[in-house]
Protein chains: 2
Amino acid sequence: MNNVQEESSRDQKKYRRRLQILEIARGIIATKGLRSLKVRDVAEAAGCSVGSVYNEFGDFDGVILTVNRETVQALTLRLVAVPAADPVRQLYGLATTYLEFFAEHANLLRSLFEHRMEDDRPYPDDILQMVMDAFALMHPPLVRLLPNADDVQIALLSRTLFSAVHGIISLGLEERMVAVPPQMLRQQVEQFLDAHLGGLGILPLR
Amino acid sequence: MNNVQEESSRDQKKYRRRLQILEIARGIIATKGLRSLKVRDVAEAAGCSVGSVYNEFGDFDGVILTVNRETVQALTLRLVAVPAADPVRQLYGLATTYLEFFAEHANLLRSLFEHRMEDDRPYPDDILQMVMDAFALMHPPLVRLLPNADDVQIALLSRTLFSAVHGIISLGLEERMVAVPPQMLRQQVEQFLDAHLGGLGILPLR
DNA sequence: GAGTTAAATGAACATTGTTCAAGTGAGTAT
DNA sequence: ATACTCACTTGAACAATGTTCATTTAACTC
C-alpha cells in the first residue's frame, strides 16, 4: 500500500526509469549516432546500474529496438496528420512531411533503417509491420486518384513510391555524401513527385 | 635477391596477404553481414596475427573501407558496361543492373551505405566521390533525352532518379521487411521508370 | 514486525578492437 | 659467409564495451 513519503509504487518507479532510459538513449542516438550509444553511458546518465538496463530491456538491442519502435510511431503520427482532403496535396504532404521528420531526426531514422541484430536474430515483426504500414499511407490517396486501377497494383505502387521518396531523402540528407542543401532537397522531392504523378496520368500540383 | 625456394619478394608477400585479408573480410561481410566481421576471425583465416592486419590497414575500419571501396569499383564497372546506344534502354539498363548487383551483393552494398565511422572521423572522400560518380551515370543519357534542359537540372535529376531507384531496391531487398520477390522487384523498378520517364516527357520502353 | 519476492547492484566475465615491446628474417654491406 | 640493419611480424597485454549473476536492497504482504 502507498504511504505519504513514497509518491510512487514500485511499478511506477520502474516505469519512470524505463522512460528515462529510453529518453537518454534516444538523445544519444539523435545527437551522436547509434554507434556512440554505450550501455554504461546510458546507465550512468539514468543514475542506475547497467544491470537495471538489462533487467528492463533484456539486452542492449532491446533498448535500441524500443527507441526505433517509438521512432516509427512518432513518424506515423506525423504522417497520418497530413490533410487528406485533396489526394494530390496529400501525396505531396506525405513526402514533405517525411522529409521534415527525417531532417529533424536523421540519426533516429538511420537507427531504424540501419540497425542490424546480433547474430541472425530476426528483427521484431511489429516494427517491420509499422514501417510497412507507414509506407502504405500513400495507398488511400492513390486509390482515389486511380479509381480504375487494381488494388494490389496500387498497394505495390504505394510502397514503390514511398521507397523512392525514402531513397531520395535518405541519400540527400547523408551528410557523408556532400549533402544536398535542405531547401533544395524539398524542391527535389516535389519535382520528383511532379514528374512521377504526371507519368501516372495524375495532374500534379504545379 | 631471390632464390629458388622463395618465390616472392617481401613486398610481393605483403601484397598477397593484403589481398587475402580483403578477400576473407569481403567473404564474411557478404555471407554473414558487416556486424559479424571480427579482426581475430580475419587474422586467423588469413593465417597471420591481428597485428599484421593493423599494420596493413591502420585500423579495422580500414579493412571495411577498403572492401567498400572495391565494392563501388565493381559496381561502377558493371554500370559503365551498360550499352549506351539507346539512351532510354540505357536508363533501364542502369536501373536493372543496379538491381542485379544489389541482389548479388546485398550485404556488401549495405556495408557501403550503412557503415558509420568511429567517433566523428569523416568518411573517405574518394569513396563518396565514387558513389556520387556512379549515381551520375544517368546524366549522359538524360542529357540526350532532354536536350533543352539545363545541365545543372539534369545533374540533379540524375541523382534524384538514381537515389529513387536505390530506395526502391534497397528496401525491396531488405529481407527484414517481408522482402519483395526478386522478379517482382525488377518489374517494380521498370514500372517505376515507365511512369517517371513518361512524366518527364520521355517515351518509355513499354 | 517478519517474511516473501521482485528488483537493483556492481563486480566479474566475455568479446572484441587496439597497442607495443620483443622477436624474426629478408635484404645489404663488408 | 658473417654481421648488421630495419621493416615487418607476433601475440600477449590492454582498453572498451556487452553480458551475467550472486548478493543486497527494499517494496509489498500478511
Side-chain angles (χ1 to χ4, degrees), chain A residues 1-22 24-25 28-29 32-67 111 115-121, chain B residues 1-22 24-25 28-29 32-67 111 115-121:
Chain A
M1 192 189 301
N2 276 349
N3 64 29
V4 190
Q5 285 123 25
E6 300 158 356
E7 297 177 14
S8 50
S9 72
R10 182 155 62 181
D11 285 354
Q12 283 173 322
K13 256 189 192 165
K14 191 168 136 76
Y15 184 63
R16 250 213 297 268
R17 182 150 74 191
R18 180 188 172 88
L19 295 187
Q20 195 187 7
I21 290 173
L22 287 175
I24 289 161
I28 292 175
I29 295 176
K32 302 195 297 179
L34 181 57
R35 194 165 173 180
S36 298
L37 188 67
K38 305 291 152 69
V39 212
R40 284 169 178 75
D41 292 347
V42 173
E44 191 184 9
C48 70
S49 65
V50 293
S52 292
V53 177
Y54 276 80
N55 184 55
E56 184 64 32
F57 294 94
D59 60 9
F60 203 47
D61 269 358
V63 181
I64 298 167
L65 291 174
T66 306
V67 170
S111 170
H115 177 60
R116 305 283 155 186
M117 304 287 286
E118 189 68 52
D119 303 314
D120 292 329
R121 279 188 300 177
Chain B
M1 191 190 301
N2 276 349
N3 64 30
V4 189
Q5 286 121 27
E6 301 155 356
E7 296 180 14
S8 51
S9 73
R10 184 154 63 181
D11 285 354
Q12 282 173 322
K13 258 189 193 165
K14 192 167 135 77
Y15 184 65
R16 250 213 295 268
R17 183 152 73 194
R18 179 188 173 89
L19 296 187
Q20 196 187 5
I21 290 173
L22 288 175
I24 289 161
I28 293 175
I29 296 176
K32 301 196 296 179
L34 181 57
R35 195 165 170 180
S36 299
L37 188 68
K38 306 292 151 67
V39 212
R40 284 170 179 74
D41 292 347
V42 173
E44 190 184 8
C48 69
S49 66
V50 294
S52 291
V53 177
Y54 277 80
N55 183 56
E56 183 66 31
F57 293 96
D59 60 10
F60 204 47
D61 269 357
V63 181
I64 298 166
L65 292 174
T66 306
V67 170
S111 170
H115 177 60
R116 306 281 156 186
M117 304 288 285
E118 189 66 52
D119 302 314
D120 293 328
R121 279 187 300 176

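None of these values were measured; they are calculated from a predicted model. So that the names make sense, note that chain A is the first sequence line, chain B the second, and so on, each numbered from 1. When reading the values below, keep in mind they use all heavy atoms of this one structure, side chains included, and skip hydrogens, waters and symmetry mates.
- Between the NZ atom of A/Lys14 and the P atom of C/dT9 there is a distance of 12 Å, rounded to whole Å.
- For B/Asn55 and D/dT9, the shortest distance from a side-chain N or O to OP1 or OP2 is below 4.0 Å.
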Could you run through nucleotides 16-22 of chain D and give me one letter per nucleotide, 5' to 3': B if any protein heavy atom sits under 4.0 Å from the base, S if only the sugar-phosphate is that close, - if neither? -BBBB--
Name each donor-acceptor pair under 3.5 Å that joins a side chain in residues 33-41 of chain B to protein atoms two or more places apart or in another chain, with its distance.
| from | atom 1 | to | atom 2 | distance (Å) |
| --- | --- | --- | --- | --- |
| B/Arg35 | NE | A/Glu118 | OE1 | 3.3 |
| B/Arg35 | NH1 | A/Arg116 | O | 2.3 |
| B/Arg35 | NH2 | A/Glu118 | OE1 | 2.8 |
| B/Ser36 | OG | B/Lys32 | O | 3.1 |

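- At least one side-chain heavy atom of A/Arg18 sits less than 4.5 Å from a side-chain heavy atom of A/Thr66.
- Contacts of B/Arg17 with the nucleic acid, taken as non-hydrogen atoms under 4.0 Å apart, involve only primed sugar atoms and P, OP1 or OP2.
- A straight line from CD of B/Glu56 to P of C/dT19 spans 16 Å, rounded to a whole angstrom.
- Here D/dC8 presents its C1' atom at 15 Å from CZ of B/Phe57, a figure rounded to the nearest Å.
- Partners of B/Asp59 under the side chain to side chain donor-acceptor pair (under 3.5 Å) rule, at least two apart in sequence or in another chain, are B/Arg121.
- For the pair B/Glu56/B/Val63, no side-chain contact is recorded, criterion being any heavy-atom separation below 4.5 Å from C-beta on.
- By the 4.5 Å heavy-atom criterion applied to side chains, A/Ile64 and A/Phe57 are not counted as neighbours.
- Neither OP1 nor OP2 of C/dG10 sits under 4.0 Å from any side-chain N or O of A/Ser49.
- As rounded to whole Å, 13 Å separates atom C1' of D/dC8 from atom CD1 of B/Ile21.
- Per the geometry, CD1 belonging to B/Ile64 stands 11 Å off C1' belonging to C/dG17, to the nearest Å.
- Contact annotation: the side chain of A/Val67 never approaches that of A/Ser111 to less than 4.5 Å [non-hydrogen atoms, C-beta and beyond].
- Dashed line: the shortest gap from a side-chain N or O of A/Ser52 to OP1 or OP2 of C/dT9 is under 4.0 Å.
- Rounded to an integer number of Å, the gap from B/Leu65 CG to C/dG17 P is 14 Å.
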